[in-house]
Structure formats: C-alpha cells, structure tokens
Amino acid sequence: MNGVLVSASLTESENSDLPTALAELRALIQSRKLTKEQFDTTEFQALWKSVKSYLHDEDPSLVWIAFSTLGRMAEDTKPAKRLVEPVLSERLETDLPTFVRLPDGKDRYYLARSLEGGQRSEIVDIAYKELAREEVAETARRVWATIAVSESVSLTEFLQRLNSEIETVSRETDLRPDALCRRIRRIIAAIEDIVATTDIGPGDQLGQQLRVLLAGHLPHSGPNERTLREEACQEFLAALQKIIRLNFTARTDPECYKIIELMQGWWRPASPSQDFDSAARSIARLGVEMLLLFAKQGVMNKPLRDALVAAVGMRVINKMTSDLVASTTSLEESIAYWFVNGKEPKEERSVRAVEALSDAKLDEYVGRLLIALDSSELQVTTVERALNDVKDIMAAEGELLESALKRVAPVTQWARAIARTRRIALSPQRSDLVRYDPVAHVGEDNLKIGSEVRVMTPGVVKESRGGLSVILVKAEVELGNG
C-alpha cells in the first residue's frame, strides 16, 4: 500500500512524514480526543480500517511504525487499549517482515510495548538486538529486556545471548572502549533487577556470564576516561551487590567475586578509590556470610574463599571471618579454624593426637560436671530452706545434712576454677531464650530452625584457638512458650 505522506501534528522530536491515516491517529492520541464514543463514529471506523491495513503493508518500515502507533494508542485510555489489543494479538500470530529500526526513541518504546504480547521467535530476536543496540531510549530498552528474558530457559542463557549480541554490536559499529562502557552501563541499569529477582533458573554459568557482561567486553585497562571509569565501577559494583544479595546462586558463585579483581585491574599501577574499596568490601561481606553458611554444614568452600581473598585481600577476609566466628558457637573446631585462617590445623604426631583426644574428653567431663552442679545448686537451695525448718526438732538429721551441704560448696568452687583454667563455661544459661539451632541445641523433633526456644539444661562451650568457641555439650531446649 502506498499511502499519501503528510507531516504529522506531533511534538518536534516526533515530526516525521507519515501516511495520512497514521498521522491523523497520532494527532488524535496527542490531543487526547480518543474516546469510546468516537470509536463508534463513521469517520473513525474508516480511519481505523486504514490504520490496520498498514500492519500488512509491503513496506516493512510502515508495518513497524503502524505497530508503534497502535502501541501509543493502547497506552492512551482503557477503551483504546481494549480496541487495540485484539488487533495486535491477531497480527502477531502471522509472519513479521524484516525488522527496520525506527529513528525516534519514543517510537521504539511504543513498538516494544506493542510486541510484548507476542510469542514468536522473531520478536525475541528483535528484543535481544534492540537491548544491545539502543542508544538513548532507556524505557524501550527495559521493555526489550523483559521480552528477551521471558523466553529464556535460564539466566545463564539470557546473559550468554545478550553478551553475544553486545559483542556483535561492538564489532559492527566499531565502538571504542569508552562508548562501549557507556552502552554497557545503560544495559546493566535495565537488567540488574531482572537478574537479581527473576523467577527463572540461574543455569550453570551465571557468575561467568555476569563476569563477561561487567568486565569481559572491555580491555584489561578498562575505560580510558578516569571519570567514566570511576562512575562505571560504582554502578557496576552496586549492581553486582544487588544481584549477589538477592540471587542465592550468584552469592555462592566464586566467578561473581572475581569481577571485583578484574575491575581493580582497570586502575593499575595505581589503586582504586576508597569508594571502590568500600563497595568491594560490602560485596565480600555477603560472600563471607555465605562461606559461614557452608562452614556450619561442615563444608570448607575453598574456591569461594579464594575468590574473596583475591577480591579484597587476605587481611580483610580474615578480619571478617574472625568477627563472624566470634558471634557463633555452632562450628566444629577444625572447620572454625579453616574459616578464619583459610587452612586446616597442622597435623600433630600420633602421641599428641592421643593427648588431644584425652584432653577433649576431659573438657567434656568438666562441662558435664558444671551442668550437674548448676542443677544441684537449685536442690541445695531447697534443702537449706528445709534444714532451717527441721534442725531444731531433728538435731541429728539436721547436723548430717548441714555437713553434706558444706562439702558441696568447695566442690563447686573447685569445679568452676578448673573450668576457668580450661576456658570452659556454661552457654547458653538455664532459662535463656535463644533461636533454635540443631548444631548447638537438642530438643523435640518438631522444632524449627530459628524458632524461639527456652533453655532447660545449659550447654557447655570452650574458648579455643583464636578466640573461637567450640561446643562441648549441646543445650537441651523446648519451645519458648512451652
């Protein structure tokens, strides 16, 4: 169809030669004159028929501008949306022409909106291309991102295909490093929430594809302009932190933390700014928390710890792990030592090993004695009260009980002295309210991890190497409201 071309009455940025019907419809949309009553008029019906015909025009550019025009109309009013949606849905079930990029950014946005309901592979192809190629229309880019990810089987596939498209665009348009960096910044701003919170599976190489996206397309020296480098680092690290915080798989993937090391290389031989170091440490802290979760399960996740050390340095990681382990008592001693130091305790000779086993058993006995004495103190108090009542009328029995009670006190003092020497203490105390942790507590099978429980019988811990607390005897607990 060869429509008559006229100048549409739109804003200056939208001025372009359009077929009469499309220009008239756009003018109506802009002037807010589209109403449900108008849709029933003979004049509008004729206009509507002509507009719809451009969706099947032989000129691909007119097909795409018709899609965009209907996308504009659908966002004008609810009645307009109800009129447009069936037309778009029916058209999207048939083959689409060769894609032609529209010159106006708003047109590209409305085009993306008009294609959102389509399930054709051609639409997904367009979405990936536009996601990587878009220069200025960020609202359009976000819609293209939504379309692209909706048809992906995993985040890995989504990022892999996006990275491939970015590489193609960079090669075909000969983007220089700074221009490419600016483009990637805009792409990341459009997709970071999708990667952090989408419901689709992560895939097997999420961290690797994130590394490619954030640092792999740029040279090892990063952007040339210093201000751009600083701004890009802050934005990339902020996006990375959000993704690691909200996406469990990303938080456990060492490849995600290697991105920090790659961006540090942009500053060599100088050092990154304090803002960079602060952001990097915030990300590393999330990784250390995940490392602790593995350690509580008895797993020494060496690849994750090595990646964290490479990102922010061994001193920083050792400080973080030391601070964390000081607030938890649910780690085996060897695991706790590795968590803090990044290596397992050195093996001792067999004689020393036997001595260590004997020492451990002695510690347990001392701990259980403390528990017994803690319980007996309650009984002693009861006996003392009874003794005051009966010793006047039962002198012999009273004297015997009083003698026994006098022997309990020094036993308790000696036991506590030994316990202090061996750095053994009751923890948690009887009647304390704590959060249930099966590593540190024993109780009914129906107790849920993290639920509030009351301590019925104290547990015993020992302060070991490096200030680590090791559980000797688990506390017996019951539900806090029990």
Side-chain angles (χ1 to χ4, degrees), residues 202 204-216 218 220-222 229 232-234 236-328 330-347 464-470:
D204 297 331
Q205 299 178 345
L206 175 58
Q208 180 180 333
Q209 292 303 321
L210 275 174
R211 179 166 54 82
V212 173
L213 176 62
L214 292 168
L218 299 171
H220 294 308
S221 56
R229 195 185 317 148
C233 281
Q234 287 303 307
F236 290 178
L237 290 178
L240 180 62
Q241 182 174 358
K242 177 188 290 186
I243 292 168
I244 287 177
R245 179 168 55 85
L246 298 176
N247 188 303
F248 182 83
T249 299
R251 195 187 292 198
T252 64
D253 194 333
E255 294 294 324
C256 289
Y257 303 95
K258 292 179 181 179
I259 297 169
I260 298 173
E261 184 182 8
L262 288 175
M263 283 195 282
Q264 285 173 335
W266 295 358
W267 300 90
R268 293 193 178 97
S271 298
S273 65
Q274 289 185 348
D275 288 340
F276 181 102
D277 288 340
S278 177
R281 290 178 183 180
S282 295
I283 295 171
R285 191 171 293 107
L286 294 172
V288 170
E289 290 172 358
M290 182 54 60
L291 200 66
L292 177 61
L293 184 60
F294 279 109
K296 285 184 174 181
Q297 298 169 358
V299 177
M300 301 180 189
N301 193 329
K302 188 175 186 300
L304 178 56
R305 198 182 197 284
D306 288 347
L308 292 169
V309 169
V312 295
M314 182 175 292
R315 182 182 62 80
V316 173
I317 294 302
N318 286 0
K319 175 67 167 58
M320 289 182 182
T321 53
S322 296
D323 291 344
L324 266 182
V325 85
S327 62
T328 181
S330 54
L331 290 180
E332 296 179 8
E333 183 176 0
S334 60
I335 296 290
Y337 185 89
W338 174 86
F339 178 71
V340 172
N341 299 285
K343 56 185 178 181
E344 297 183 57
K346 293 181 180 179
E347 294 184 2
S464 187
R465 284 175 289 192
L468 307 179
S469 293
V470 181

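Since the structure is predicted, the reported quantities are computational estimates derived from the model, not experimental observations.
Ion pairing of E255 with K258 is present here, as a side-chain N (NZ or NE/NH1/NH2) and a carboxylate O approach within less than 4.0 Å. Using a 4.0 Å cut-off between charged side-chain N and carboxylate O, D323 and K319 make a salt bridge.
Shown here for I283 and I260, the closest heavy-atom pair between the two residues is CG2-CD1, 3.9 Å. In terms of heavy atoms, L286 sits closest to Y257 at C-OH, 4.2 Å. Shown here for T249 and P202, the closest heavy-atom pair between the two residues is OG1-CG, 3.3 Å. For L206 against D253, the heavy-atom pair with the smallest separation is C-OD2, 4.3 Å. What you find for C256 and G207 is that their closest heavy atoms are SG-CA, 3.6 Å. The two residues G287 and L308 come nearest to each other via the heavy atoms C-CD1, 3.6 Å.
The backbone N or O of Y337 lies less than 3.5 Å from a partner atom in the side chain of N341, making a donor-acceptor pair. Checking side-chain atoms of S282 against main-chain N and O of S278 turns up a donor-acceptor pair under 3.5 Å. Between the side chain of R251 and the backbone N or O of I244, at least one donor-acceptor pair lies under 3.5 Å.
How far CD1 of I259 is from CG of L237: 9.0 Å, rounded to the nearest 0.5 Å. Between atom NZ of residue K302 and atom CG of residue L291 there is a gap of 12.0 Å, rounded to the nearest 0.5 Å. Atom-to-atom distance recorded for Q234:CD and M263:CE is 9.5 Å, nearest 0.5 angstrom. For the atom pair L210 CG and L213 CG, the distance stands at 6.5 Å (nearest 0.5 Å). To the nearest 0.5 Å, the span separating CD1 on I335 from CE on M300 amounts to 3.5 Å. Atom-to-atom distance recorded for L246:CG and Q241:CD is 10.0 Å, nearest 0.5 angstrom.
Here the side chains of C233 and W267 are in contact, with some heavy-atom distance below 4.5 Å. Counting heavy atoms from C-beta outward, R281 and M320 have side chains that approach closer than 4.5 Å. Contact annotation: the side chain of V312 approaches that of I317 to within less than 4.5 Å [non-hydrogen atoms, C-beta and beyond]. A heavy-atom distance below 4.5 Å is not found between the side chains of F339 and F294. Using a 4.5 Å cut-off on side-chain heavy atoms (C-beta onward), W266 and H220 make no contact. Contact check for V288 versus R305: no side-chain heavy atoms found under the 4.5 Å cut-off.
Residue Q274 qualifies as open at atom CD: its count of foreign heavy atoms under 6.0 Å is 12 or below.
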